[in-house]
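Working notes, beginning with the structure itself.
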Amino acid sequence: MNFTISAFLFPILIVLILSVLIVNILVKTDLNEIRHPEIDGLRGYLAFFVFLHHSYIWQVFLKTKNWEDPESNLFNQFGETTVVFFFIITAFLFTSKLIHNKTKEIDWSEYLKSRFFRLFPMYFFSIIIVFILVAILTQFKIRVSAIENMKSILSWIFFNVSKNSNINGLEDTFILNSGITWTLPYEWAFYFLLPIIALFFKIKINFKALLGFTAVAAIILVINKSSLRHFMPFVGGISVALLNSKKLDTILKQKAYTVLAIVLLAASIYFFNGGRKPIQIIIASIVFLIIASGNNFFGILSSRFSRKFGQITYSLYLLHGILLFIIFYFIIGFDRAKTLTNSEFWLIITASVFPLILICQLTFKYIELPLMAMSKRKKIQEVLVTDYSIKSGK
């Protein structure tokens, strides 16, 4: 890894800390009590690592016009291993809910509704920005047929984004958000496969619902030409949920296991360029098992700071690529950007941290939170109406 790049990691971290502290004073949000605060704290750092991963890719892209994985082990794992952790977290949290479900029943329509309100509005907001950028870049002129444009737009709306999903003939449209949407079909496929997993925990499910959910999962996988190897982290998350227990909590909270987790991560970075092969996924799963057992990494992950940072994970994941494009195309300009020295480039990345955190805090507070609250309000209202009907005999 280039010395200049590694030298900037420390100032970037300092600016990140200051940015989170200042932004949480400017745009206040509340913290909710949750079962796994350590995981909440972890997610923000993971999303920020993806930002660093794509920053590295952008530096190479500006000079070579090639969008490719970083040669640096660290920066490539900032992307690949981070996604592995996100998939592990998803599988762990939902499998844990199945394990701890005492009624052995799940309202699957409510489950889908909560997933929709949690994930789609913010995603839709992000791709609306992409559509606006495309319109500007193509001078508001129609370059391809209406049918072709509609296919491209629908592919973006339904997460089927690839290097060939160009809107209005704009070459490499995926660069506008750094192509981060490729992970979302896997997340949604897992959500629709959850009823099958629920059967193993003796959760009651209607056969038609089971069939419908499975069919949708299959359609998502086929349309997106999904690779089954990307489901290995989900298996890791399910395994962690099954292994997680009170006895392990007592043992794995010890500081010795924090050191073990750090050593395992360091070894993975040293020996491997990526994070998607079985051995790397096993390492990530072991590290996550330690965290999921309540190990807060010397208090860092469960701290109020980390949890506040973790709240904006989804916005940070969806918007960082768009911000990078706006900075290098509209503010600096590609011609000037490709002549930047290492120091100049990473100074720009460092300076972009504060606006990135501020924007994501605003979208979390004014887009994500209200829609999540709306979903919960509807559920509470339905429960109250049902309860009233039962009591009144109506």
Side-chain angles (χ1 to χ4, degrees), residues 29-37 39-44 46-47 86-127 157-159 181 183-201 203-206 208-217 219-220 234 237-238 241 292 307 310-319 360 363-387:
T29 56
D30 296 324
L31 277 176
N32 295 322
E33 290 301 319
I34 56 174
R35 186 183 180 89
H36 298 283
I39 297 174
D40 215 28
L42 172 66
R43 283 190 278 208
L46 294 177
F86 276 133
F87 287 171
I88 290 172
I89 289 171
T90 294
F92 169 79
L93 291 175
F94 282 94
T95 305
S96 295
K97 288 180 180 180
L98 296 178
I99 292 171
H100 295 102
N101 187 300
K102 294 179 181 179
T103 65
K104 298 302 178 183
E105 291 182 353
I106 293 175
D107 187 331
W108 293 103
S109 62
E110 281 299 326
Y111 160 74
L112 273 186
K113 192 185 297 181
S114 68
R115 289 293 83 205
F116 177 85
F117 279 102
R118 177 66 189 95
L119 299 175
F120 194 78
M122 187 60 219
Y123 173 73
F124 191 66
F125 175 78
S126 74
I127 61 170
I157 291 174
F158 292 104
F159 315 110
T181 53
T183 64
L184 299 179
Y186 290 98
E187 293 272 355
W188 277 102
F190 178 82
Y191 297 146
F192 280 101
L193 287 171
L194 199 65
I196 291 180
I197 300 171
L199 291 176
F200 290 94
F201 298 97
I203 303 292
K204 296 176 184 177
I205 177 168
N206 180 279
K208 289 183 180 179
L210 179 65
L211 197 62
F213 273 64
T214 306
V216 173
I219 291 169
I220 292 171
F234 291 106
I238 293 170
R307 291 184 59 201
Q311 285 184 325
I312 65 171
T313 296
Y314 193 47
S315 285
L316 183 55
Y317 185 77
L318 291 175
L319 298 180
C360 292
T363 53
F364 170 73
K365 182 170 183 177
Y366 295 109
I367 297 176
E368 293 186 63
L369 272 180
L371 271 297
M372 285 190 287
M374 183 187 299
S375 175
K376 290 177 182 178
R377 279 199 303 271
K378 285 183 177 180
K379 186 174 181 180
I380 291 170
Q381 287 171 357
E382 288 172 5
V383 170
L384 289 174
V385 169
T386 303
D387 185 55

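Keep in mind that the numbers below use all heavy atoms, side chains included, and drop hydrogens, waters and symmetry copies.
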How long is the straight-line distance from [atom2] of [Y] back to [atom1] of [X], given to the nearest 0.5 Å?
X      : Y      : atom1 : atom2 : answer
Leu318 : Ile312 : CG    : CD1   : 12.0 Å
Phe125 : Ile367 : CZ    : CD1   : 4.0 Å
Met374 : Leu369 : CE    : CG    : 12.0 Å
Ile106 : Tyr111 : CD1   : OH    : 8.5 Å
Lys204 : Lys104 : NZ    : NZ    : 10.5 Å
Ser96  : Asn101 : OG    : CG    : 12.0 Å

For residues [X] and [Y], determine if any side-chain heavy atom of one lies less than 4.5 Å from a side-chain heavy atom of the other.
X      : Y      : answer
Phe234 : Leu193 : no
Thr214 : Pro195 : no
Ile89  : Leu42  : yes
His36  : Leu93  : yes
Trp188 : Val216 : no
Phe86  : Tyr186 : no
Gln311 : Leu31  : yes
Leu112 : Phe192 : yes

Would you name the heavy atoms of [X] and [Y] that are closest together and state the gap between them?
X      : Y      : result
Ala189 : Ala217 : O-CB, 3.9 Å
Pro185 : Ile220 : O-CG2, 3.5 Å
Thr181 : Tyr123 : CG2-CE1, 3.4 Å
Thr313 : Gly44  : OG1-N, 3.2 Å

Once side chain to side chain donor-acceptor pair (under 3.5 Å) is applied, do any residues pair with [X], and if so which ones, sequence neighbours excluded?
X      : value
Glu368 : Arg118, Ser315
Tyr191 : Arg115, Glu187
Asn206 : none

- Just by distance, do the side chain of Arg307 and the backbone of Asn32 share a donor-acceptor pair under 3.5 Å?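 Checking the backbone N and O of Asn32 against the side chain of Arg307, a donor-acceptor pair under 3.5 Å is found.
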
- Considering residues at least two apart in sequence or located in another chain, which fulfil the salt bridge (Lys or Arg N to Asp or Glu O under 4.0 Å) criterion with Lys102?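 So Lys102 forms no salt bridge (Lys or Arg N to Asp or Glu O under 4.0 Å) with any residue.
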
Those residues that, when tested against [X], pass side-chain contact (heavy atoms from CB on, under 4.5 Å) (two or more places apart):
X      : answer
Leu199 : Ile205, Leu210
Thr183 : Val83, Phe87, Tyr317
Phe201 : Thr95, Leu98, Ile99, Ile197, Ile203, Leu242
Ser114 : Ser375

- Message: If the condition is ring pair (Phe, Tyr, Trp, His ring centres under 6.0 Å), which residues does Phe120 pass it with, not counting sequence neighbours?
- Response: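 So Phe120 forms a ring pair (Phe, Tyr, Trp, His ring centres under 6.0 Å) with Phe116, Phe124.
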
